[in-house]
Amino acid sequence: MLLFAVPIFFSNLFQQLYNAVDSLIVGNFVGEQALAAVGSSASLIMLLIGFVNGVSLGAGVLVARFFGAGDEEDMERAVHTTVALGLCAGVVLTVAGMVLSPQVLRLMGTPEDVMPNSVLYFRIYFAGILQSVGDSRSPMKYLIAASLTNVVLDLLFVAVLQMGVGGAALATVLSQSLSAFLAFRKLTHVQAGYRVCWRRIRFDREMLRRVVSLGVPSGVQNSVISLANVIVQSNINSFGSSAMAGCGAYSKTEGFAFLPVTCFALALSTFVSQNLGAGRADRVKAGVRFGLLCSPLLAEGIGILIFTFAPVLIGAFNNQPQVVEYGVMNARTVSLFYCLLAFSHCCAGILRGLGRSVVPMVIMLAVWCVFRITYITLTIRLIPDIRVVYWAYPITWSISSVLFAVFVWRVLRKQLGGQTA
């Protein structure tokens, strides 16, 4: 699992680095309003791409299952169906993002002094959405190349050519396009069962049905949770551009805590699915125990570092006192609860690997969406304090962790039998 998870960790590390670079350079060279525009982008971007990312998780589980069972014919059909789906989704997302960005930003209550930069950033960003697939080591190399390219282009477009947030968005698009091109080129040249051939890229009806049945629950989950986060962001927006900038700076810092969360969740889905396909229940149980121990520990270690150095980390993006105050308050409310976030995501990854993707969808929609929105909507009226919004995350992570622990134990016991993880 470590051989698979470590490259994903470094891939995500460089992904997060070049996401943070946009905010660092914009916040220091352009100003508070520009940082607010870039910082408020995450929830809207995830709203539009979350569904496709979720469906791709289902496709990954299916490919891993065929790989573990040594079924190269079905693996080839699944890969080409997934690529066809990704290409079609990329076109739809690009058009939707460019057309709907201003309307959605207004619904989020984005302040007028931030609106022009936000619209520009989103429109340029969504013009370059690309999806890529591959093994865990090759994408790591491509993301390193993309990250270095993004840093250079950010400095050129924003600091030298003074193109503002439009330059930051353009740098992101160009660097992501490079990463996607390199990954797709690898897939078309590799000598393996998952090699992509242009003439074979088409929708296989039966395989599409299986991909969708596994992936749609995750896609719906991602989209609805992202919608909930858009509503959370709209509450943050109501406190003004300083709050938006501070919380945006924190979100870029928080992304580093998500590294062990995302890499272990994906590794667990793949590891569990492959070994389930190979009939190795013992390895499934061992992988579950390892993932549920390592990911929360790593996430909590990062959380302690963020809690301790929050003023320095937030101040690196923008040194305005109010911006730093909002960002530090956010960090010190949430960061010590990262272990619960990691545990929930790992459990969701385990359940997806076992083919039970509906369970994490229901838990996350009920807790991270319905309960979170209800809590904020009701409490913010009684206590008009931004910390009400911040506390929504630790509270909902705690509830989901308890529910996930119960369901993972039951599913493992029922599906694998004997002693559970």
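Predicted, not measured: the structure shown is a model, and the values here were computed from it.
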Short side-chain donor-acceptor distance under 3.5 Å, Ser344 and Trp397:
no
What are the two closest heavy atoms between [X] and [Y], and how far apart are they?
| X | Y | result |
| --- | --- | --- |
| Ala331 | Ile306 | CB-CG2, 4.1 Å |
| Leu351 | Phe407 | CD2-O, 4.5 Å |
| Leu340 | Ser398 | CD1-OG, 3.2 Å |
| Tyr326 | Phe239 | OH-O, 4.1 Å |
| Ser242 | Gln322 | OG-OE1, 3.5 Å |
| Ile386 | Ile236 | CD1-CG2, 4.5 Å |

Measuring from atom CD of Glu254 to atom CG of Leu313, what distance do you get when rounded to the nearest 0.5 angstrom?
12.5 Å
With side chains defined as the heavy atoms from C-beta onward, is the minimum distance between [X] and [Y] less than 4.5 Å?
| X | Y | value |
| --- | --- | --- |
| Phe264 | Leu298 | yes |
| Leu161 | Leu156 | yes |
| Val323 | Phe317 | no |
| Val411 | Ile350 | no |
| Pro311 | Arg332 | yes |

